[in-house]
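Whatever order the structure lists them in is the order used to number ligands and atoms, beginning at 1.
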Amino acid sequence: MDDIQGSEKKILDYWEKEKVYRFNPKKKGKVYSIDTPPPTVSGDMHVGHAFSYSQQDFIARFWRMYGHNVFYPFGTDDNGLPTERLVEKLNNVKSRDMPRAKFIELCQWTLRKVTPDFIQQWKNLGISADYEMFYSTIDKNSRKISQKSFIDLYKKGLIYKKDFPTIWCVECQTAIAQAELEDREEHSRFLTIKFTADGKDLLISTTRPELIPACVAIFVNPKDERYKWTKGKNAKSPLYGFEVPIIWDESADMKKGTGAMMVCSYGDKYDVEAIARHKLNPKIIFNHDGTLKSGEYKGMKIKDVRKKIIEELKAGNFIVKEEPITHMVNVHDKCGTEIEFLPTEQWFIKILDKKKEWISLGKKIKWHPDYMRKRYENWVNGLEWDWTISRNRYFGIPIPVWTCKSCGEVILPDERELPIDPTAIKVTCPQCKGDTEAETKVLDTWATSPLTPQIASSLVRNKIKIPYSLRPQAHDIIRTWAFYTIVKSLYHEKSIPWSDIMISGFVTMNGEKMAKSKGNVINPNEIIEKYGADALRFWAAGSKLGENMDYREEDVLVGKKFITKLKNASNFVFMNLKDYNGKKPKKLDNGDIEFLGKLNEVIKNSTEYLLNYEYSKARTEIETFFWKDFCDNYLESVKKIVYQGNESDKQSVKYTLYRSLLTILKLIAPIMPFITEEVYLQHFKGTEKEIFC
Ligand SMILES: [Zn+2]
Ligand SMILES: [Zn+2]
């Protein structure tokens, strides 16, 4: 049994000791800069991480070996809702039951405890980042850069504050952005209920009867012949008996339900716009936590209120028709709760008025694979809201603002004071000398992470210029991380953030998304323990960039076999190279010339593939050459010569063995850095002298 973990650990120690991956701005070679994704701190790396970070590391290692000075920093994303939820889970607490300062302290304490082990998992996978070039999105430097960004955008008129019905999560009790919505199929009841107008029944279809008390108008389409009689009339609500105007509005969909619709405050975005357009007075019936504000069911949650109202409607004979319905609802991606619309004061970054610009910037970036640009464009085209950056939460970067209580003046700190917590400082209004109120909301973590190019560059005195060479990331965050980085880069730098973006896919299990609830989650640390990081990386190189890939243990085993074969072949080669000095003989045998020619083809092809992010093709090319041409054919055919041939033939073969094995190691090194480094150190370092990869 070989000790994979032991040998990989030795290589890790060697890399660390020799500072092999330290970035040195003075080193020769063109800089190749990578805007590394900062993983969200959690207990364990998941296999999707292992998959996509391996793929980006193939590219990083390739460019390094291609002679570039690779800037490959490492950061962690560790504030905002995901971190709060982790801290709540690990410590079994609820943030809103604790004093704010105490909860923030607990967050920091928890992060200090879990982060080192978390990062170690990236090291164990062989990710060749410079871990000394480190940032966290909540550290002092990031807070400063993020608050500076806020102030800059505010001064440019690109940030505004508005009291307005926005997307709200009643579970997390915060405003959220459109990009945080997910669709979920939901089974519900589609009811047709009776309003009355002018003594006649006016039938209305809805899935949300609990919003009847929040109804402020009935909309019908002016072209709808069925409702000509309703002009200028009011409608009377069932159960409550209050009256609302019937409004003729062309946006009412004649084909949906009965064609007459309730406009409530607020069922959806349509309601938000309809109420604003007609200047109707909203009636807000739910609290921020999703409980009813008043009445018989005061304090009850939305879904329970719905049940009660349906019972009452039935008892009062107000339901004409009831059908089961399966429809898509919007849920919050962090907690799976159906979202609501509640009016609160939030901060927004303007993005809606620049859709054309976002699309044209997207076209200036090279997307790999190219079709991912379509996803970006679809997202931009579907934007309905400006970007909500404030959160009614605790552990995040404070919004650096005070507002005057008397004249409403917005007061910003001086940039030299950053980072600041406005709640810790008393400020008087420079306009009217009145009292001010510190902003208590914090920035969403997505308002900071799009600044990773600036944050990472600040670690080397801004020597890395925007655009970076590459942004690697997974496809699920095109609409957030990629899009927001493009937005901030335009607003701050008047430039695209990177020239290239590579997008990786997901890992699936029998074609299905992995999820704890399905019990099909694979822990990459266990695979590394069993087969080694190289074998896992070899598996990750098996799919085309951007495509999802099924996890299959057999595929990891193929990598493991490759490692064993590489070791055995190397031992065989060096058994026969004991008296070889590394020099090229005067004359090479024709067979050897031909074999080295073939190897040159492999170098050319796999380089070309890697330049195009086609690491899976590069892997196949090298794999086939190694197994078939090198092991099965060449090694077999030269055995006789190394044992019994004449001195000149022996020298030719020895040279060819040495060169070809070294080249194979170099070619596969971006994918399997551990075993290749091990063989190199053991057999080649003495003659080659240079650092390998
Ligand atoms: Zn939520
Ligand atoms: Zn004032």
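- Distances shorter than 2.8 Å separate the Zn ion (ligand 2) from the protein N/O/S atoms Cys404 SG, Cys407 SG, Cys429 SG, Cys432 SG.
- When all heavy atoms of Gln454 and Ile145 are compared, the pair lying nearest together is O-CD1, 4.1 Å.
- Close placement of the Tyr484 and Trp387 rings is indicated, their centers lying within 6.0 Å of each other.
- With Phe164 as the aromatic partner, Lys162 meets the cation-pi criteria of under 6.0 angstrom to the ring centre and within 45 degrees of the ring axis.
- Relative to the six-membered ring of Trp385, Lys269 meets both conditions, a distance below 6.0 Å and an angle of at most 45° to the axis.
- Under a cutoff of 6.0 Å and an axis angle of 45°, Arg375 and Trp367 do not form a cation-pi pair.
- For His46 and Phe506, the ring centers are positioned 6.0 Å apart or more.
- The name of the N, O or S atom in His332 nearest to the Zn ion (ligand 1) is ND1.
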